2 protein chains.
Amino acid sequence: MSIRHSLLALLQDRPRYGYQLRTEFQNRTGSSWPLNIGQVYTTLDRLERDGLVQKDGADGEGHIIYRITPAGLDQVRDWFQAPVGRANPPRNELAIKLALALTLPAVDVGGLIQAQRAVSIRALQEYTKSRRDAAANPRPADLAKLLVLDSLIFQTEAEVRWLDLCEARLMQLAGPA
Amino acid sequence: MSIRHSLLALLQDRPRYGYQLRTEFQNRTGSSWPLNIGQVYTTLDRLERDGLVQKDGADGEGHIIYRITPAGLDQVRDWFQAPVGRANPPRNELAIKLALALTLPAVDVGGLIQAQRAVSIRALQEYTKSRRDAAANPRPADLAKLLVLDSLIFQTEAEVRWLDLCEARLMQLAGPA
DNA sequence: ACAGCCATGTAACTTGTTACATGATTTT
DNA sequence: AAAATCATGTAACAAGTTACATGGCTGT
């Protein structure tokens with residue numbers, strides 16, 4: 001549902017065309033989460049089908065402009081107003097994988113943890129580097145990019161610390177036996 | 001892809017039937033991420049279509065047993081061997097929402113942050129409580145549940161700290177103006 | 001001339017999700 | 001007798017993703 005709502009949010013600001021929506025989305029969220037251009041058009045079709053946007057003639061340059069409808073405005077308002085639900089948090093593939101690895105024989109949990117930590121730490125370094133490159137820029141669009149990077153950094157740090165904990169627990173279990 | 005692989009991993013341990021796969025999955029991952037029973041059957045159909053599992057007669061009690069195939073074993077091995085990729089990390093709805101809110105007028109970013117933090121902190125308390133209830137149990141299945149809860153706790157803590165950071169940056173931006 | 005970006009789309013597909021139907025067995 | 005759980009499925013759908021086709025325009 002993120003893409004639907006993101007496009008609606010951008011259209012709430014002002015009417016825009018497909019290709020533009022993609023670049024604007026990426027400008028605001030940084031280069032993480034690239035957005036396939038094909039998906040913009042399919043999503044716009046579905047938003048139009050659902051009466052949340054409508055085509056709005058051209059803009060003098062041949063672009064196909066979409067405009068948000070009142071129903072669409074309602075949905076954007078609801079989206080921004082409602083906190084992201086912790087009711088069914090999105091499945092965490094890493095946690096699932098480790099939980100299964102721990103309860104099934106024939107899986108090298110220690111190796112899994114170490115391989116994962118190597119990947120996560122490398123990602124962390126790349127995020128930190130990107131953040132340094134992007135920093136010291138007070139424009140609001142760049143502030144958003146910085147915060148997205150901060151989010152990735154925080155999440156990845158938490159992941160590394162969790163992997164450390166898993167390893168410690170594993171040793172604790174193997175030790176006394 | 002998590003569910004496909006999870007079912008395969010459980011079948012790699014030994015042949016099982018649909019309903020059993022669901023309960024085993026939930027036993028191992030805790031009550032977070034409930035698994036709809038319908039999805040187990042559709043996923044099994046698709047795994048069979050792809051030649052990764054096959055029906056294996058009954059077990060004397062009328063259950064429809066599935067057995068993993070060599071191709072399926074390969075996939076499980078690959079899944080456990082390959083770290084969870086940071087190449088295209090799953091979209092973080094909260095980060096996207098805040099990034100858009102910051103770069104668009106007509107959104108009350110401060111309120112959004114506060115509402116979100118309230119939700120996240122409540123979730124954190126619930127996870128911590130569940131963790132306390134589940135703790136002090138050395139059986140491996142419960143160790144897995146504990147670690148899943150730890151993962152949720154770490155992620156949510158990171159989220160709260162990120163929200164704090166966002167708020168601070170926002171004030172910093174509003175202050176000097 | 002060629003590469004690359006701008007721009008719009010379509011077709012086919014995947015995973016995941018829900019709602020519904022059906023019946024047996026077990027528990028209260 | 002009623003409710004809950006066990007057990008298997010189907011139909012319909014949503015959201016996301018990729019691959020492909022098409023054409024104009026721009027810079028080298």
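The structure displayed is predicted, hence computed values, not measured ones. Quick note on labels: first sequence line is chain A, next is B, and so on, each numbered from 1.
We find that CZ of R22(A) is positioned 12 Å from P of dT8(C), with the value rounded to whole Å. Regarding I37(A), its CD1 atom lies at a distance of 16 Å from the C1' atom of dG4(C), rounded to whole Å. Put simply, CG on L21(A) is 14 Å from C1' on dC6(C), counting in whole angstrom units. Atom pair R16(A):CZ and dC6(C):P shows a separation of 16 Å (rounding to whole Å applied). Rounded to an integer number of Å, the gap from Y19(B) OH to dA24(C) P is 17 Å.
Shown here are the salt bridge (Lys or Arg N to Asp or Glu O under 4.0 Å) partners of R161(A), two or more places apart in sequence or in another chain: there are none. The side-chain hydrogen bond (donor to acceptor under 3.5 Å, both in side chains) search around D133(A) returns K129(A), not counting sequence neighbours. The ring pair (Phe, Tyr, Trp, His ring centres under 6.0 Å) test applied to Y17(B) returns H63(B), not counting sequence neighbours. Legend: residues meeting side-chain hydrogen bond (donor to acceptor under 3.5 Å, both in side chains) with Q116(A), ordered by chain and number and at least two apart, are absent. For R91(B), there are no side-chain hydrogen bond (donor to acceptor under 3.5 Å, both in side chains) partners two or more places apart in sequence or in a different chain.
Mapping G38(A) and H63(A) onto DNA chain C via the closest heavy atom, the residue that lands nearer the 5' end is H63(A). Closest-nucleotide positions on DNA chain D for G62(B) and L35(A) were compared, and the one nearer the 5' end corresponds to G62(B).
Annotation: side chain of T128(B) is not in contact with side chain of Q125(B) (no heavy-atom distance under 4.5 Å). Using a 4.5 Å heavy-atom cutoff, the side chains of F25(B) and I96(A) are in contact.
Pairs engaging residues 64-74 of chain A under the side chain to side chain donor-acceptor pair (under 3.5 Å) rule: D56(A)-R67(A), D74(A)-R77(A) [sequence neighbours left out]. Contacts classified as ring pair (Phe, Tyr, Trp, His ring centres under 6.0 Å) and involving residues 72-112 of chain A (residues at least two apart or in different chains) are given here: H5(A)-W79(A). Applying the salt bridge (charged side-chain N to carboxylate O under 4.0 Å, His left out) test to every pair with at least one member in residues 96-118 of chain A, sequence neighbours left out, gives these pairs: R117(A)-D164(A), R117(A)-E167(A).
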N/O-N/O pairs, protein side and nucleotides 12-16 of chain C side, under 3.5 Å:
| unit_1 | atom_1 | unit_2 | atom_2 | d |
| --- | --- | --- | --- | --- |
| dT15(C) | OP1 | R4(B) | NE | 3.2 |
| dT15(C) | OP1 | R4(B) | NH1 | 3.1 |
| dT15(C) | O3' | M1(B) | N | 3.0 |
| dG16(C) | OP1 | M1(B) | N | 2.6 |
| dG16(C) | OP1 | S2(B) | N | 3.1 |
| dG16(C) | N7 | R46(B) | NH1 | 2.9 |
| dG16(C) | O6 | R46(B) | NH2 | 3.2 |

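Note that the two end axes of the helix from dA1(C)-dT28(D) to dT28(C)-dA1(D) enclose an angle of 30°, each drawn from 5 base pairs, rounded to 10 degrees.
Looking at heavy-atom distances under 4.0 Å, I64(B) makes contact with sugar-phosphate atoms alone, never a base.
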Output side-chain donor-acceptor pairs under 3.5 Å for residues 44-54 of chain B, partner residues at least two apart or in another chain, one line each.
| unit_1 | atom_1 | unit_2 | atom_2 | d |
| --- | --- | --- | --- | --- |
| D50(B) | OD2 | R4(B) | NH1 | 3.3 |
| D50(B) | OD2 | R4(B) | NH2 | 3.1 |

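Nucleotides of DNA chain D with any atom under 4.0 Å from a heavy atom of chain A span, from 5' to 3', dA15(D) to dT18(D).
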